[in-house]
Amino acid sequence: MGENNPITFTTGEFVTAQNGLWEPNDKWTRASPSYLSSEQVTILHRILIPEGSDPIQVGKIRIAPTATLENNTTFTVTNEIVFEVNKTNAAQFLNKGSVVINPGAKVIVRRTFRKTDGWVFLSFPYDVPLANIKIAGTTTQATWGNAYNAGDVKNIYVREYDAESRDALGNAVSNNSVYWKFVTPQVFAKNKGYIVAVDSDIVLDFISSPIDENPFGDSGSIGVNKYTTNTGVNHNSWNLLGQPFFSSFDLYHATQAHAPFYYYNGFTYAAVMSYDNYEILPYSAFFVQAHGAPATLSYNGSGRALRNLRSELPFDEVDLYVKNNAIVEHEDRTRIRLSDDFSVNFELGKDAVKMMSSNVQVPQIFSKIKDLSNVTNSYQVNAIPNSVTEVDLVVTTGQNGTYTIELKNKQNLPNYTSVLLIRGNVQTDLMQESYQFTATQGTKTVTNNWKTRMVKALQTEIAQANDNAIVVSTVNNDVYISGLESSATVSVLIVTGK
């Protein structure tokens, strides 16, 4: 290191053996999968090329789906760099130095598709025409279909979101949506999102041509469409977008004027609000309503770094989760935000509509409330005024099992003492404990129509004789007292003292 002599791999095969720095010999082994050719560097771990390292040149390099490579020097590829991707993981390359892709060299995203995964979201940080989609590791061009035809099966089926029709028709559809249209011409446009399905398991290569260096840079942007003819603002200006990097990206660093963002994590949708940190994988896609003033969505390169940021919320927030206790990925989240600056009406940028998972076995949780026009809306994030103390809470299940409803991030409720989950005449204070229930209806979708009541703390004139706090709270005509012994006597007096 330090003499500016390029480290060049030209023969044999180098495979990482453990996490660590690029250069030490103990991080490499000659063991290699049989299907790889010579002159191959294979990254199976988390590898760092530190600042001050000599320039590095490789012929072929493959990064596995669970591996990451961070570059802080000059990194040259003379043949090809392959990023492997599957449903849950994606190879990542975080560039903080410079990357040189030699003329004739290729950048390849190698994506594994399974028929059982159904439609999956996909994007690329460069344009990919049909001619550049190959059966993995070959020069055979893949075939692209619009509608499935049993007599003429294609390798891949692709759709894009028809936001203009969504705005014109004004209906939200979760499954078998009429808003997915064929892609013409057959090109994956840079940083745009799509859904893709296959008729049989297959691995495909998506190859860049010509080389676009921007994905290895530290910023990016994409234009957004704005459709605003519909008076229902929850139908306006939807876009399905990708992100422009080969590394994960924190949406906190995307144009916040357009938030929230809706990201499908493989099981259900996460609503990413303007105060949220949320890391999305490369080659994925997310929805956004482009309601802000900018005509583009910009990506600040600071979001490429993994950061443990947390913004202080300027409002109280009820953060509820439902999960299947037996399947850790089967979890959903809803939030209720409370401030005098909010309204019961749907407001772009403050509320997030509920987007139902296409997998009916994943439990769902969301709130419902009537707006000023007496129309009931379903929310994933529901921003309401402090004067609202109770909302409808809907929880759905689609398979047998034990489920838990839990209130998380209780520190975001400094002005409230209780969050009550109400089921008929039974209630559970989620501030004190989680609630478990059992679903026994098999694959039938069961909808539980419950309520959530937020109990706000009140100032009282109770004198404290010791350190045990007594808190008196009211919601509507109900009074809640905590901090007393169970055998205590409570007297209620009206203002005349009676």
Side-chain angles (χ1 to χ4, degrees), residues 1-102 105-112 114 125 136-138 201 203-207 215-216 245-249 266 279 281-284 304-308 328:
M1 292 178 62
E3 299 179 358
N4 294 319
N5 297 316
I7 302 172
T8 303
F9 296 100
T10 55
T11 60
E13 186 151 350
F14 295 83
V15 182
T16 61
Q18 57 182 296
N19 297 336
L21 301 180
W22 173 280
E23 188 171 288
N25 291 333
D26 62 355
K27 299 299 183 293
W28 300 91
T29 175
R30 290 287 180 173
S32 62
S34 60
Y35 62 86
L36 293 177
S37 64
S38 60
E39 299 181 341
Q40 175 82 39
V41 175
T42 299
I43 307 296
L44 301 178
H45 300 83
R46 299 178 65 88
I47 300 298
L48 169 66
I49 305 171
E51 189 175 355
S53 298
D54 291 332
I56 291 176
Q57 178 175 300
V58 297
K60 296 181 179 181
I61 180 169
R62 176 180 73 100
I63 306 177
T66 56
T68 64
L69 177 61
E70 180 179 325
N71 172 55
N72 288 273
T73 187
T74 299
F75 192 92
T76 301
V77 178
T78 62
N79 192 311
E80 67 181 27
I81 181 169
V82 177
F83 299 91
E84 295 189 339
V85 186
N86 55 37
K87 178 183 178 182
T88 55
N89 295 293
Q92 298 193 46
F93 184 104
L94 176 57
N95 177 46
K96 295 182 179 179
S98 63
V99 174
V100 178
I101 307 296
N102 280 1
K106 300 175 182 178
V107 178
I108 301 172
V109 172
R110 180 165 290 165
R111 178 61 156 88
T112 298
R114 297 184 305 177
T138 75
D201 295 355
V203 183
L204 297 176
D205 284 349
F206 298 86
I207 304 170
F216 296 103
F245 305 113
F246 289 105
S247 59
S248 292
F249 181 78
E279 179 185 319
L281 290 172
Y283 334 114
S284 58
R304 296 176 304 144
L306 302 181
R307 308 171 70 90
N308 294 317
V328 65

To the nearest 0.5 Å, tell me how far Lys106 NZ sits from Ile207 CD1. 5.0 Å
Non-hydrogen side-chain atoms of Ile61 and Leu69 separated by less than 4.5 Å: yes
With the side chain counted from C-beta on, respond yes when Gln92 and Pro282 share a heavy-atom pair under 4.5 Å apart, and no when they do not. yes
Name the residue from Phe75, Tyr283, Phe245, Phe246 that meets the ring pair (Phe, Tyr, Trp, His ring centres under 6.0 Å) definition with Phe93. Phe75
Go through His45 and Ile43 one step at a time and tell me if the side-chain contact (heavy atoms from CB on, under 4.5 Å) criterion holds. CA-CA 6 Å; His45 300 83; Ile43 307 296; 5.6 Å; no
So Asn79 and Lys60, do their side chains get closer than 4.5 Å, heavy atoms only? yes
Test log, rule side-chain contact (heavy atoms from CB on, under 4.5 Å), inputs Phe249 and Glu279: CA-CA 5 Å; Phe249 181 78; Glu279 179 185 319; over 6 Å; no
For a 4.5 angstrom cut-off between non-hydrogen side-chain atoms, does Thr16 reach Thr42? no
Roughly how far, to the nearest 0.5 Å, is CD of Glu80 from CG of Asn102? 13.5 Å
Donor-acceptor pair, distance only, cut-off 3.5 Å: does the side chain of Asn19 make one with the backbone of Arg46? yes
Between the CZ atom in Arg304 and the CG atom in Asn95, the distance rounded to the nearest 0.5 Å is 6.5 Å
Is the closest side-chain heavy-atom distance between Val107 and Phe83 below 4.5 Å? yes
Distance col, row Asp54:CG vs Thr74:OG1, nearest 0.5 angstrom, shows 10.5 Å
Nearest heavy-atom neighbours spanning Val85 and Pro65: N-CG, 4.3 Å
To the nearest 0.5 Å, what is the distance between NZ on Lys87 and OG on Ser284? 14.0 Å
pair Thr78-Val58: side-chain heavy atoms closer than 4.5 Å: no
Glu70 and Asn72: CA distance, side-chain angles, deciding distance, side-chain hydrogen bond (donor to acceptor under 3.5 Å, both in side chains) verdict: CA-CA 7 Å; Glu70 180 179 325; Asn72 288 273; 3.2 Å; yes
Over all atoms of both residues, closest heavy-atom pair of Ala67 and Leu44: CB-C, 3.6 Å
Check this for me: does any side-chain nitrogen of one of Arg110 and Asp205 sit under 4.0 Å from a carboxylate oxygen of the other? yes
Can you find a heavy atom in the side chain of Pro50 that is under 4.5 Å from one in the side chain of Leu21? yes
Within-4.5 Å side-chain heavy-atom neighbours: Thr68 and Leu94: no
In Å and rounded to the nearest 0.5 Å, what is the CG to OG1 distance from Leu204 to Thr112? 9.0 Å
May I have the step-by-step check of side-chain contact (heavy atoms from CB on, under 4.5 Å) for Ile49 and Ile56, ending in yes or no? CA-CA 9 Å; Ile49 305 171; Ile56 291 176; 3.6 Å; yes
